[in-house]
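Notes follow once the structure below has been shown.
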Amino acid sequence: MATQNFLHLWDDRFLYITPAIQSGLTARSSATLLASVSGHPFALEAVDGTRVHCTAALVAPHVSRRLDVDGCGLLSLNLDPASSAYRMLAKRMGGHGILPIDARRFGRLRDEFDPAQHGALCSRGLRALSVKLVEAINEFPEIEAAVDPRIERVLQAIRAHAGQIPLRDLSAVACLSPDRLTHLFARQVGVSVKRYALWTKVRRTVQQFTARRPLTDVALVSGFTDAAHMSRTFQRYFGLSPSFLASQVRVTADDGASHAWGHQQGLASM
């Protein structure tokens, strides 16, 4: 079976699978778990030029890095900052921006890496694999961890408006002052309101690639000023262009992802 690029979307995470990638400097709001498919090392380079070769790694949100995967295959699991899985891994990070991991920690899970890379696992199987990867790092089952109800309402409002809602309106939703909301949100979610709002905008845009449509339409519907603005943002976040995502990546989403990220309202240029 031919190897290709896959992007699988769920409500609280997504999994990008590729045989090879050489990216420029990227950073995004998700926590990222990287794992070599073949077991051969890939290279991660920090913004200060520090370069590590590893078979797996955790990368904290908004940590800039370059990635060089030369044919070993890669699983890139990205966890939404508001997810329980993200909070579990954040504790494991211990303040490290990039944390190399020995892929042997995944044990028999590695037997599923090659079928995943060749498109032989169904969405349910891939979702189960993503959960087990997080559990293998944390060494205990993934559990739901509730956030403050006020922050949960704010998260829902941000997603409903694709990240384009003023802080004063979010403060009203939470019944908190802007300063208090800003502090509580960062403490509970791990990123700022502004950064999560932009992440929401980008994540909703990614969801649209499950259907074929002109990139200009995707950009305008998503609130970008034009396709070039969207392309710059995607390169900064993912090291991939929207045109590559549209033409070279098979994108799939389950019903949970479509419900959480597939509807937009009240968009305006940002």
Side-chain angles (χ1 to χ4, degrees), residues 7-16 23 25-34 58-65 67 76-90 93 97 130 134 147 151-167 169-170 173-174 181-210 218-219 221-225 229-242 245 251 253 256-270:
L7 178 61
H8 304 278
L9 308 173
W10 298 284
D11 59 342
D12 64 343
R13 68 193 71 194
F14 61 82
L15 177 64
Y16 181 61
S23 76
L25 204 60
T26 66
R28 51 188 175 271
S29 292
S30 59
T32 307
L33 171 57
L34 304 169
L58 282 173
V59 184
H62 293 287
V63 170
S64 297
R65 71 277 196 175
L67 178 62
S76 176
L77 177 62
N78 290 257
L79 303 169
D80 187 274
S83 68
S84 298
Y86 163 85
R87 291 191 290 277
M88 290 172 64
L89 286 185
M93 291 291 296
S130 78
V134 174
V147 299
I151 299 303
E152 182 60 41
R153 294 198 301 269
V154 169
L155 289 168
Q156 292 174 3
I158 292 173
R159 292 169 188 159
H161 291 83
Q164 300 182 72
I165 178 172
L167 180 60
D169 293 350
L170 294 174
V173 168
L181 171 59
T182 299
H183 175 77
L184 183 60
F185 189 96
R187 191 178 71 194
Q188 291 265 310
V189 180
V191 297
S192 69
V193 172
K194 183 177 181 180
R195 282 182 163 175
Y196 190 77
L198 180 56
W199 168 251
T200 296
K201 179 180 176 179
V202 172
R203 177 61 185 84
R204 280 191 175 275
T205 307
V206 171
Q207 191 71 28
Q208 294 192 58
F209 286 89
T210 56
V218 172
V221 168
S222 301
F224 292 99
T225 53
H229 181 199
M230 178 175 70
S231 182
R232 290 193 300 271
T233 301
F234 269 60
Q235 288 284 4
R236 189 171 72 248
Y237 266 57
F238 304 118
L240 302 173
S241 68
L245 190 58
V251 184
S258 299
H259 181 266
W261 302 103
H263 303 286
Q264 302 181 359
Q265 55 182 295
L267 298 186
S269 294
M270 185 174 178

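Predicted model only: the values in this text are computed from it and were never measured.
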Side-chain heavy-atom pair [X], [Y] within 4.5 angstrom cut-off:
X    : Y    : result
Y237 : T26  : no
L89  : V134 : yes
L15  : L7   : no
Y16  : L240 : yes
F185 : L170 : no
W261 : T210 : no

Check: Within 45 degrees of the axis of the six-membered ring of F224 and under 6.0 Å from its centre: does K201 put its NZ or CZ there?
Finding: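 That pair qualifies as a cation-pi contact.
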Next item on the list: Using only heavy-atom distances, determine whether the side chains of R159 and Y196 contain a donor-acceptor pair under 3.5 Å.
Entry: yes
Item checked: Check: Q208/S222 side-chain N/O donor and acceptor closer than 3.5 Å ->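 Yes, S222 and Q208 have a side-chain donor paired with an acceptor closer than 3.5 Å.
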Nearest atoms (heavy-atom pairs only) where [X] meets [Y]:
X    : Y    : value
G256 : D11  : O-CB, 3.7 Å
A260 : R204 : O-NH2, 3.6 Å
A174 : L181 : CB-CD1, 4.1 Å
A31  : P61  : N-CG, 4.0 Å
A82  : L155 : CB-CD1, 3.7 Å
V191 : S29  : CG1-O, 4.2 Å

Could you measure the distance from the [atom1] atom of [X] to the [atom2] atom of [Y]? Nearest 0.5 Å is fine.
X    : Y    : atom1 : atom2 : value
L79  : R87  : CG    : CZ    : 11.0 Å
M88  : M93  : CE    : CE    : 14.5 Å
T182 : R187 : OG1   : CZ    : 13.0 Å
H8   : W10  : NE2   : CH2   : 6.0 Å
T225 : M230 : OG1   : CE    : 10.5 Å
I158 : L198 : CD1   : CG    : 11.5 Å

Next item on the list: List for me each residue that meets salt bridge (charged side-chain N to carboxylate O under 4.0 Å, His left out) alongside R13, sequence neighbours excluded, and say none if there are none.
Entry: E142
Next item on the list: In sequence, state the C-alpha distance, the side-chain angles, and the governing distance for L184 and I151, and then conclude on side-chain contact (heavy atoms from CB on, under 4.5 Å).
Entry: CA-CA 8 Å; L184 183 60; I151 299 303; 3.8 Å; yes
Checklist line | Worked check of side-chain contact (heavy atoms from CB on, under 4.5 Å) between W199 and D80 | finding: CA-CA 9 Å; W199 168 251; D80 187 274; 3.0 Å; yes
Check: F234 vs F238 aromatic rings, parallel, tilted or perpendicular, using cut-offs 30° and 60°?
Finding: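 F234 vs F238 ring planes: perpendicular.
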Note to self: With a 3.5 Å distance limit and no angle check, can you tell me whether S23 reaches the backbone of L67 through a side-chain donor-acceptor pair?
What the structure shows: yes
Next item on the list: With sequence neighbours excluded, tell me which residues meet side chain to side chain contact (heavy atoms under 4.5 Å, CB included) with T32.
Entry: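 With neighbours one apart ignored, the set is R28, S30, L34, V59, R65, S76, N78.
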